[in-house]
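Presented below is the structure to which this report refers.
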Amino acid sequence: MNLTHTKLQPFPHSPPLTHPTFLFSSRSLLPFPRNLKPAHVSPSFLYKKHTLLRYGCFGVSRSRTRSSISEVEEEQKQKPVLVKRAYPFDEIEPKWQRYWEQNRTFRTPNDVDTSKPKFYVLDMFPYPSGAGLHVGHPLGYTATDVLARFKRMQGYNVLHPMGWDAFGLPAEQYAIETGTHPKLTTLRNINRFRSQLKSLGFSYDWDREISTIEPEYYKWTQWIFLQLLKRGLAYQAEVPVNWCPALGTVLANEEVVDGVSERGGHPVIRKPMRQWMLKITAYADRLLEDLDELDWPESIKEMQRNWIGRSEGAEVEFCVLDSDGMETDMKITVYTTRPDTIFGATYLVVAPEYTLLSSIVSTEQRESVEGYQDIASRKSDLERTELLKEKTGVFSGCYAKNPTSGEPIPIWVADYVLGSYGTGAIMAVPAHDARDHEFASKFNIPIKWVVTPNNGSCVESGKAYSGEGIIVNSSNLKVGLDINGLSSKEAAYKVIEWAEKVGKGKKKVNYKLRDWLFARQRYWGEPIPVIFLEDSGESLPVLESELPLTLPELDDFTPSGTGEPPLSKAVSWIKTIDPSSGKPATRETNTMPQWAGSCWYYLRFMDPKNSNELVDKAKEKYWSPVDVYVGGAEHAVLHLLYSRFWHKVLYDIGVVSTKEPFKCVINQGIILGEVQYTACKDTYENYISADSADVLGEYLQEIIPEERVVKSGEFFVLKDNPNIRLIARAHKMSKSRGNVVNPDDVVSEYGADSLRLYEMFMGPFRDSKTWNTSGIEGVHRFLGRTWRLIVGSPLHHGAFRDGTLVTDEEPTTEQLRALHKCIAKETEGTRFNTGISAMMEFINAAYKWDKQPKAIIEAFVLLLSPYAPHMAEELWSRLGHPDSIAYKAFPKADPAYLKESTVVLPVQINGKTRGTIQVEKGCSEEDAFTLASQDEKLSKYLNGKPIKKRIFVPGKILNVILDRQNVKAGSIQ
């Protein structure tokens with residue numbers, strides 16, 4: 001049956017495939033319609049198809065790729081297929097996962113021996129999405145598990161917990177669309193995540209599992225909010241916010257990308273609303289200064305420094321002029337980091353949301369300004385400040401007076417100035433700022449040079465000079481200020497001194513960091529524990545004894561569209577009584593943002609069942625701080641910064657004993673989907689080389705199966721036409737690209753230990769890597785070789801014998817050297833790939849031995865345990881040990897066996913190197929010569945030849961000088 005024009009539906013929920021011709025996925029043999037977007041094919045179908053093909057379960061050969069799937073399935077029903085496995089992981093892994101769960105092997109007792117060292121290793125709190133895990137997720141989880149297992153075997157008390165950051169928009173959006181309560185959806189997703197994590201053999205202490213949606217947990221999130229409120233760090237303000245009508249909520253700046261919501265891509269507008277704010281700016285200096293003490297990636301620390309954005313400068317007042325050019329009582333205060341350039345300020349710019357704008361704008365310009373404000377309200381802060389975007393603006397119709405030059409300068413409105421930064425107004429110096437120069441050039445505003453480079457070099461025509469230098473054109477004796485000839489730093493100091501003296505300004509430290517917007521107009525979040533008296537509107541905190549304030553049950557979660565949160569529909573819940581005064585009151589209907597619960601969860605893991613306090617002081621003092629915290633770099637300025645802020649507040653009130661929550665942060669790289677090869681075609685569907693495709697302007701693309709690809713130098717080309725260069729690219733795994741690989745499928749085919757080992761072997765842990773199915777096959781073969789080395793080959797019926805092949809003989813020096821080299825590589829921090837390479841080298845060496853001493857093999861199994869725990873447990877049991885391997889002592893490398901006892905000695909004949917020999921250190925000249933004479937390659941130069949002398953440098957060289965007079969012609973070539 002020809003599939004060329006047949007509707008093919010791989011899974012019940014997949015869309016029908018109706019495209020003509022064929023597309024092959026990487027390494028696939030089944031035909032797929034050409035021009036098919038990857039999203040049209042179930043990723044698990046592609047993976048399972050690949051699995052079946054490799055093991056012969058479909059029985060499809062290259063010559064039969066057009067056979068009907070139904071024909072093949074019918075054929076397989078008649079002919080059972082035996083799937084051969086490298087080792088019985090499908091029996092071993094469920095067995096030991098049951099053992100660990102039944103025996104609570106990885107439970108960390110509440111009362112540990114505090115005389116022992118501790119190791120607290122933590123994964124960043126996962127959000128349990130409906131999609132479950134893909135193979136990129138276990139990368140960080142596997143790394144922390146390897147470290148946890150390693151530290152247990154080194155005698156540490158290990159805390160390695162897992163929980164769920166479970167509040168959030170996705171569950172609420174799903175509830176709105178389907179009517180399913182978000183708690184039901186969230187619990188279902190948590191169960192799936194937990195099941196997947198357990199299937200990978202992670203050694204989490206599941207007794208400490210927590211979830212942010214449980215009242216027992218968010219009671220303490222609410223308690224922290226009340227402590228912030230007491231200290232004036234939580235307050236209400238009318239602020240312009242990112243309002244998303246479709247989601248019915250306010251979004252943080254970081255949640256808006258290119259004017260739309262990061263989740264869902266819905267339009268976002270700027271809108272003033274009453275919001276709860278957290279005063280993170282009060283901790284700006286401490287957040288900045290304490291970064292230096294942290295063992296974090298420098299890139300992450302730099303991102304936080306830039307986000308905090310501390311700068312030193314001055315605030316200067318510009319007096320607004322009336323229509324007659326006379327000074328008014330109205331002042332515009334600007335913040336500048338370059339007060340030395342103030343004489344070059346030829347205009348002012350205020351943000352569209354500047355509070356005094358309505359009072360400044362002229363009647364003639366009011367309509368234009370209001371129209372511009374409306375347009376600006378639809379842009380995100382990121383869009384507005386993008387350096388490459390074309391500058392826009394509108395004249396306010398009014399002028400201000402430059403306080404130093406005395407000249408009137410126009411006041412413009414432009415969206416590249418933000419109302420949330422500084423004062424919402426800037427002095428524009430177009431000669432010395434690129435944005436100001438671009439704006440002034442577009443709107444024909446004067447440009448005045450006031451700084452010349454220190455080295456006297458010429459400034460490129462038509463561009464601003466933003467560097468420091470010598471000040472020029474900057475003197476006004478009428479106001480008593482002359483900074484000509486001074487350096488930029490000297491001039492800046494003098495301008496500030498002058499401004500403070502005449503009452504025109506002051507020195508100022510400013511921050512880019514804004515206070516944290518801490519309210520969301522949605523249902524699925526922690527209720528904010530505040531009430532409002534009905535008669536006065538006064539806000540009061542809920543009593544701590546009344547916590548947790550739980551979410552009411554709702555059937556309708558849809559946004560009101562007016563900004564009123566869904567909780568406003570819970571009328572009976574909203575109405576309450578103030579217990580202190582007995583007056584009627586209403587509850588706050590906004591909820592906390594998703595970040596709230598994840599700001600402090602690392603503390604709750606230390607003491608998860610405590611109902612009396614957030615965390616016991618003794619437990620916190622022992623376990624703090626988190627020793628290793630692993631997660632993605634995308635959390636640098638959100639979760640990590642917010643957590644540090646809350647932690648410092650808790651430190652100030654005596655709840656925690658450390659200034660910082662996370663001692664060491666490690667960012668794992670991402671795992672990209674398999675490399676996709678794409679060929680370019682012209683409009684006649686002729687193949688063209690990728691390096692010349694851009695010349696055509698428009699061209700078609702076709703995905704090429706790996707079977708038709710070959711590497712040529714640095715590039716990939718068509719196997720049957722090497723002149724056609726292909727585009728080879730790996731993309732981030734996503735459902736839309738159809739390149740997601742489900743770990744469940746990998747575990748089913750190769751086993752959890754293979755997946756764990758492969759993800760640690762792919763490359764340096766911090767680097768991005770490309771998934772390659774052949775790579776996991778190689779690791780799986782290594783585990784199979786390890787199994788057969790210790791247990792033996794399968795018996796005739798396919799099963800493996802009980803026990804092992806090891807002997808009780810004493811190990812040889814060679815075997816001890818091989819073992820201790822491997823041990824030394826296993827203890828090199830997070831260089832997991834080098835440790836696995838060392839184990840592979842060991843197994844290669846061990847296959848050359850006649851016998852496998854038990855002492856050597858047991859030590860190797862201990863080395864294998866953190867990476868492949870299921871196999872290690874099984875082998876340990878077969879080696880005669882009744883207890884789990886999890887807490888057995890990790891081997892230590894003996895330096896005596898790490899020293900090389902032999903050296904490679906170059907051998908020269910008449911000064912020309914003819915070969916090398918392996919000799920013991922301290923080898924004598926006579927022994928070296930004997931070995932050279934016995935060497936197959938060197939013996940032809942030496943045997944039977946008269947020797948004049950020998951030159952021997954121990955460990956360096958052996959040079960044999962032959963007696964040329966007695967050597968026959970042609971005997972030495």
Side-chain angles (χ1 to χ4, degrees), residues 87 89 91-113 115-123 138 140-162 194 197-209 605 623 627-628 630 747 751-757 759-760 783 786-787 790-791 804 822-823 826-827 830 832 835-836 839 854-855 857-892:
Y87 69 99
F89 63 83
E91 300 170 17
I92 293 170
E93 292 179 354
K95 168 186 172 181
W96 287 103
Q97 287 166 16
R98 286 193 300 271
Y99 175 90
W100 294 329
E101 188 160 353
Q102 290 167 4
N103 290 275
R104 299 163 78 194
T105 303
F106 306 112
R107 176 179 173 270
T108 302
N110 286 326
D111 299 312
V112 296
D113 180 2
S115 66
K116 293 172 64 176
K118 65 92 178 179
F119 184 69
Y120 185 1
V121 58
L122 185 62
D123 300 293
Y141 303 152
T142 304
T144 58
D145 195 61
V146 170
L147 291 173
R149 289 175 178 275
F150 175 64
K151 289 295 185 179
R152 285 193 195 97
M153 298 173 78
Q154 286 190 317
Y156 285 72
N157 289 325
V158 172
L159 185 57
H160 186 39
M162 176 51 72
R194 187 191 303 110
L197 293 176
K198 286 186 175 182
S199 76
L200 294 171
F202 296 136
S203 60
Y204 294 124
D205 178 359
W206 289 106
D207 285 3
R208 293 176 182 261
E209 180 182 7
F605 278 137
W623 287 113
D627 294 285
V628 174
V630 175
V747 169
D753 283 345
S754 292
L755 177 58
R756 291 168 58 106
L757 208 64
E759 297 214 347
M760 294 297 94
L783 288 175
T786 300
W787 178 265
I790 299 171
V791 175
T804 66
C822 187
I823 295 171
E826 286 296 315
T827 53
T830 57
F832 305 116
I836 296 169
M839 288 192 289
K854 185 176 182 179
I857 296 303
E858 281 189 338
F860 174 76
V861 172
L862 289 167
L863 298 181
L864 182 66
S865 177
Y867 296 95
H870 306 89
M871 176 181 279
E873 288 277 21
E874 180 66 20
L875 293 175
W876 191 250
S877 174
R878 285 169 173 257
L879 286 165
H881 302 283
D883 300 327
S884 169
I885 198 174
Y887 293 91
K888 302 305 175 184
F890 199 83
K892 295 182 180 179

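- Pairing each heavy atom of Leu863 with each of Met839, the nearest pair is O-SD, 3.9 Å.
- The salt bridge (charged side-chain N to carboxylate O under 4.0 Å, His left out) test applied to Glu874 returns Lys95, Arg878, not counting sequence neighbours.
- Side-chain N or O atoms of Thr142 include none that pairs as donor or acceptor with a backbone N or O of Arg756 at under 3.5 Å.
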In residues 864-872, what donor-acceptor pairs under 3.5 Å come from side-chain atoms, sequence neighbours left out?
residue, atom, partner, partner atom, Å
His870, ND1, Asp753, OD1, 2.8
His870, NE2, Gln97, NE2, 3.0

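- Looking only at side-chain heavy atoms (C-beta outward), Thr804 and Ile857 stay at 4.5 Å or farther from each other.
- Partners of Trp100 by side-chain hydrogen bond (donor to acceptor under 3.5 Å, both in side chains), not counting sequence neighbours, listed by chain and number: Glu873.
- Asp113 CG: more than 12 foreign heavy atoms inside a 6.0 Å radius.
- Taking the side chain as every heavy atom from C-beta outward, Phe202 and Thr144 never approach each other to under 4.5 Å.
- Put simply, CE on Met760 and CD1 on Ile836 are 7.0 Å apart, with the number rounded to the nearest 0.5 Å.
- Residues that satisfy the salt bridge (charged side-chain N to carboxylate O under 4.0 Å, His left out) test with Arg152, not counting sequence neighbours, are absent from this structure.
- Closest non-hydrogen pair, Leu200 versus Ala752, comes out as CA-CB, 3.8 Å.
- A search for side-chain hydrogen bond (donor to acceptor under 3.5 Å, both in side chains) contacts involving Tyr141 returns nothing, not counting sequence neighbours.
- Residue Leu875 holds its CG atom at 5.5 Å from CH2 of Trp787, rounded to the nearest 0.5 Å.
- Minimum interatomic distance between Ser203 and His160 (heavy atoms only, all atoms of both residues): O-CD2, 3.6 Å.
- With sequence neighbours excluded, the residues satisfying ring-ring contact (aromatic ring centres under 6.0 Å, His included) with Tyr99 are Trp96.
- The side-chain hydrogen bond (donor to acceptor under 3.5 Å, both in side chains) search around Lys888 returns none, not counting sequence neighbours.
- Rounded to the nearest 0.5 Å, atoms OH (Tyr887) and OH (Tyr156) are 15.5 Å apart.
- Side chains of Phe106 and Val158 form no contact here, defined as non-hydrogen atoms less than 4.5 Å apart.
- With sequence neighbours excluded, the residues satisfying side chain to side chain contact (heavy atoms under 4.5 Å, CB included) with Pro109 are Arg107, Val112.
- Applying the ring-ring contact (aromatic ring centres under 6.0 Å, His included) test to Phe890 and every residue at least two apart in sequence or in another chain returns Phe150.
- A donor-acceptor contact shorter than 3.5 Å is absent between the side chain of Asn157 and the backbone of Thr108.
- Separating the CG atom in Leu862 from the CD atom in Glu826 is a distance of 11.0 Å, to the nearest 0.5 Å.
- Residues Phe832 and Val146 approach most closely at CE2-CG1, 3.8 Å, considering heavy atoms.
- The pair Asp627-Lys151 fails the salt-bridge criterion, with no side-chain N (NZ, NE, NH1 or NH2) lying under 4.0 Å from an Asp/Glu carboxylate O.
- Using a 4.5 Å heavy-atom cutoff, the side chains of Tyr120 and Pro161 are in contact.
- The salt bridge (charged side-chain N to carboxylate O under 4.0 Å, His left out) test applied to Glu91 returns no partner, not counting sequence neighbours.
- Of all heavy-atom pairs spanning Met162 and Asp123, the tightest one is CE-OD2, 3.8 Å.
- Under the rule for a side-chain hydrogen bond (donor to acceptor under 3.5 Å, both in side chains), the partners of Lys198 that lie at least two apart in sequence or sit in another chain are Glu101.
- Annotation: side chain of Ile92 is in contact with side chain of Tyr87 (closest heavy-atom distance under 4.5 Å).
- Partners of Phe860 by ring-ring contact (aromatic ring centres under 6.0 Å, His included), not counting sequence neighbours, listed by chain and number: Phe842.
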Step by step, work out the side-chain contact (heavy atoms from CB on, under 4.5 Å) result for Glu209 and Tyr204.
CA-CA 9 Å; Glu209 180 182 7; Tyr204 294 124; over 6 Å; no
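- Taking 4.0 Å as the cut-off between side-chain N and carboxylate O, Arg208 and Asp205 count as a salt-bridged pair.
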